[in-house]
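Just so you know, these numbers use all the heavy atoms, side chains as well, and skip hydrogens, waters and symmetry mates.
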Amino acid sequence: MWGAVAVAAAVSAGVLVAQTRDDAGSGADAKAAQGPVVTHVRSTPVRADGADGVSLSRPDVEPFSMLRLSWDDPSAHVQGAVQARARTTASHKWSSWVTLEADGGGGEDEAPKGMRGATGAAWFGPSDGVEIKVAAGGTLPGGLRLDVVDPGTSSTRSGIEPAAFVMDGESPEPSDTPTEAVDSPTPPAETSEPAVTPSATPSETSATPTPTETAPSTSGTPTGSTTPSASPSTTAGPASTVPQPPVVSRAAWGADESLNNEAPEYGTTINAVFVHHTAQTNTYSCSDSPAIVRGLRALHLNQGWKDIGYNFVVDKCGTIFEGRKGGIDRPVIGAQAEGFNTNTTGIAVIGTYTSEDAPLAAKTSIARLAAWKLGQYKVDPLGKVTLTAGKANGKFALGQSAVFNRISGHRDAYATECPGTALYNQLPTLRGWAAGPVAGLAIKSVTGATLSGSTYLTKGALTVNWAATTPASFVTKYEVLVDGKSTVTKTGTATSAAVTLAAGSHTVQVRATHQSGKTSTSPSVAVTAETTPPVFSTKPTLSLRTGTVDTTAVPVTLAWKATDTAGLKEVRLTAPTAKTYGPTTTSTQLTAKSGVATTFGLTAQDLAGNTAAAAASATPVIVQETSATKTGTWTKKTSTSYLGGASLSSVAKNASMSWTFTGRSVAWIVSRASTSGQAVIYVDGTKTATVDLKSATTAYRNAIWTKNWASAGKHTIKIVVSATSGSPTVTTDGIAYLR
């Protein structure tokens, strides 16, 4: 149902104010208001409030979702910005102002009587109030009218899946997920037709389709044998060189075919594709897309066109809708690039893409659809073509020729911003996607291998991971090449593959096959497969080290040396705890429990992934000072800070203490303070070292001196007090050794 808003036809400079009305007219107008077609209401003069005047009444109107401004003369233009807003039924609030595109920029090349001029359309969703204003910079076209449309609902929406195919694993934006089915008050007759069809020949076709191929014309207006046919054809369009993307049929999106009984017109080829944007809004839900398409068709019919002007409509989720009737595989003449409608096809994306880029799903569908249509006539999407204007359109004169890209923007053929600067700037990318080969193909990583310099090292089994900038929908297959030969084949949606290499050096690449048959190959990576494990050239050994001693944590040093011909990656401590060391590390400081045999396990791994294991075991033993053989005077000291709670101290010169043990490493344990003195150490009767125990800070249970042997043996350690002048004290807590 329609609410109508009338606009003054003649105003002076200032703001043209539109006034809403809640009636839909009477008589013939009221009858015409039924159904999803724009009501033709003649203009009603309203006042202009001057340069800044905005004064609109806001009575309720019949529900609508889409609007645009139109006028009598299709060649006239509105001078000044046209803005509109609506009061939505969901929120009962007014939307922000939306600037309507200057004009639709399309039109039939042969204008029927009564064809009107119009701005682009804006979608607001269900609304019951409307305001519109025009910043008038001069005389406005006569017969100005605000056209609003209620597109109705259709139960067939439940059979349409937004993003019927998914590009590169991407999903539509969460806001685009359909949340409700759409019901139609006038279901189309073709209710048995599937929602998404692989092809759609004209409904008038009764004979068995016979694929044919027609040489592409180099003219926008065919002559001679290329004269457009105004009657239905019984011949299906030629087979394409690339697969057809899924297309939602007219029946599925709810086209009421009773509103238009004109037969479609045909060219003989498709020379070029024109890309459009339409319906100013990017915030629509993709569940609204069928209603938006119905609304566009209603506005185009109301404008005097034979049918919806676009051959195809794409929403932001990538769903493709069949546009003008006549068969998606036929060269149907649309009303989308005035002067160049014959032998071209028009693809419109729902939304406004002046500054905001179209979503990946939508761009992918544009490129797939363009490739399929051009592929029907063996046309290279990267090519150019000379087209001749079949009608003067304000940018080109009748009969004027110009060179176009095979995939062009509407602005290339007409004085319009369509399809928006952001989307227009993406057309070179879309041409590349459509034509192939797969672009941006590169190996991103190799798992199961380690990069050393510019070469990956592996034991043999690895996974190659790649990426491409061309969406997966255009890729037929990927292959992993080893030394130039295909070893693994994956689908076009794959991004990795497992490969097993024989020992030796190899080059690995990924080859992609585009749906056009063109191939591209990634830069190669060098991979060496080898199975020789690392070597512990110095077996792991344990020795005591200096530090604080506790019965549960005797300080030890674990030492080793590992090498590998291909390159050592790391050495891992696997027991009694886990830790990883770099390839140049050859020792680490650890602790072990006294009286407990402890095994320290190591695993060396090379860059290829080969491993070798080794281990060292030892039992730390603490022997306290009470077990020593003593000479001279020693005084017992007690404190919880000492091992066993006590220690022995002496200031007597030549007082001594000795221990005999069997082991391969020994440490002398002392307490240190600012009054501590020196002692001489003898090993197996030989003077080995003079040790100074003096320390600015007090330290208990301190292993101050160590001695190591290549193998275990019987040894005697003797310490002799030097009685250093001023600080003679030597306090000992015993020894520790490894057995």
| side chain to side chain donor-acceptor pair (under 3.5 Å) between Asp733 and Ser647, intermediate numbers included | CA-CA 5 Å; Asp733 227 354; Ser647 67; 5.0 Å; no
Non-hydrogen atoms of [X] and [Y] that approach each other most closely:
X: Thr619; Y: Gly595; answer: CG2-C, 3.6 Å
X: Leu573; Y: Gly601; answer: CD1-O, 3.3 Å
X: Ala628; Y: Met657; answer: CB-CG, 3.0 Å

| request: Over 60° means perpendicular and under 30° means parallel, so classify the ring planes of His715 and Trp709, tilted if in between. | output: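 Rings of Trp709 and His715: parallel, under 30°.
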| Heavy-atom side-chain proximity of Thr319 to Val314 below 4.5 angstrom | no
Between [X] and [Y], is the ring centre distance below 6.0 Å?
X: Tyr737; Y: Trp668; answer: no
X: Trp433; Y: His514; answer: no
X: Tyr478; Y: Trp466; answer: yes

| query | Can you list the steps and then say if Val670 with Tyr700 is a side chain to side chain contact (heavy atoms under 4.5 Å, CB included)? | reply | CA-CA 7 Å; Val670 301; Tyr700 297 97; over 6 Å; no
| Could you go step by step and tell me if Asn610 and Lys459 meet the side chain to side chain donor-acceptor pair (under 3.5 Å) rule? | CA-CA 6 Å; Asn610 301 294; Lys459 293 173 64 176; 4.6 Å; no
| Derivation and outcome, side chain to side chain contact (heavy atoms under 4.5 Å, CB included), residues Asp692 and Thr690 | CA-CA 7 Å; Asp692 192 345; Thr690 298; over 6 Å; no
